[in-house]
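Beneath this line is the structure, given in structure tokens, with notes to follow.
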Amino acid sequence: MATVTLNWLIPESGGPVESYNVYRVAQEETSASVIVDPANKINSTPLPSTPRTYVDDSVSRGDGAYSYTVTAVNTGGESVGATPTTQTL
């Protein structure tokens, strides 16, 4: 097993954040619009607005590349995904 730790900043616009969602796909260099799909959400419950971190412990070394993005949620709904990051294990 392996872990990937994600950290992010508060969005610069959009109002106060109530929670966050984390999305993952098993591929490299893809767009946030491809990653943000209910089937790709890896947190089972909304993540609190602080701390802004998530540890993915459901990955394994040798699995290849994973791309991640984070969305913010507030009374206006869910934001688009942040710029994706890719981790190769």
Side-chain angles (χ1 to χ4, degrees):
M1 286 305 253
T3 61
V4 174
T5 301
L6 303 169
N7 297 288
W8 57 90
L9 301 173
I10 297 171
E12 294 179 7
S13 63
V17 175
E18 295 175 0
S19 62
Y20 293 96
N21 288 314
V22 178
Y23 296 85
R24 176 190 72 210
V25 293
Q27 66 187 62
E28 215 176 317
E29 304 300 322
T30 191
S31 70
S33 63
V34 170
I35 301 171
V36 178
D37 180 293
N40 299 330
K41 187 167 84 169
I42 59 175
N43 55 295
S44 57
T45 59
L47 302 175
S49 59
T50 58
R52 292 174 306 281
T53 189
Y54 182 81
V55 177
D56 182 6
D57 60 2
S58 64
V59 293
S60 297
R61 292 203 185 286
D63 278 356
Y66 291 97
S67 291
Y68 295 86
T69 190
V70 175
T71 62
V73 180
N74 64 19
T75 56
E78 187 171 21
S79 72
V80 297
T83 301
T85 185
T86 300
Q87 300 291 318
T88 301
L89 304 175

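Counting begins at 1 with the first residue of the sequence.
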Checklist entry - Taking only residues two or more places apart in sequence or in another chain, which ones pass side-chain contact (heavy atoms from CB on, under 4.5 Å) with Ser60? => result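 side-chain contact (heavy atoms from CB on, under 4.5 Å) list for Ser60, sorted by chain: Met1, Asp63.
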
Item to check | Listed partners of Ala26 passing side-chain contact (heavy atoms from CB on, under 4.5 Å), at least two apart | outcome: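 So Ala26 forms a side-chain contact (heavy atoms from CB on, under 4.5 Å) with Tyr66.
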
Next on the checklist: Any non-hydrogen side-chain atom of Val4 less than 4.5 Å from a side-chain atom of Leu89?
Outcome noted: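 With C-beta onward as the side chain, the pair touches.
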
Checklist entry - Taking atom CD1 of Ile35 and atom NZ of Lys41, what is their separation to the nearest 0.5 Å? => result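 Between atom CD1 of Ile35 and atom NZ of Lys41 there are 15.5 Å.
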
Item to check | Transitive ILVMFWY side-chain link Val70 to Val59, under 4.5 Å | outcome: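 Yes, same cluster.
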
Hey, can you pull the donor-acceptor pairs under 3.5 Å for the side chains in residues 77-84, sequence neighbours left out?
unit_1	atom_1	unit_2	atom_2	d
Glu78	OE1	Tyr23	OH	3.4
Glu78	OE2	Asn21	ND2	3.1
Glu78	OE2	Tyr23	OH	2.7
Glu78	OE2	Thr71	OG1	2.5
Ser79	OG	Ala72	N	2.9
Ser79	OG	Ala72	O	3.4

Checklist entry - Please, which pairs that meet side chain to side chain donor-acceptor pair (under 3.5 Å) have at least one residue in residues 10-19, sequence neighbours excluded? => result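 Passing the test, one end in residues 10-19: no pairs.
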
Item to check | Members sharing Val73's hydrophobic cluster (side chains within less than 4.5 Å) | outcome: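 Reading the cluster by chain and number, Val73 sits alone, since nothing else belongs.
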
What donor-acceptor contacts under 3.5 angstrom involve side-chain atoms of residues 47-58, with partners at least two apart or in another chain?
unit_1	atom_1	unit_2	atom_2	d
Arg52	NE	Trp8	O	3.3
Thr53	OG1	Leu6	O	3.0
Thr53	OG1	Asn7	OD1	2.9
Tyr54	OH	Ile42	O	3.2
Asp56	OD1	Arg24	NH1	3.1
Asp56	OD1	Ser58	N	3.1
Asp56	OD1	Ser58	OG	2.7
Asp56	OD2	Arg24	NH1	2.6
Asp56	OD2	Tyr68	OH	2.7
Ser58	OG	Arg24	NH1	2.9

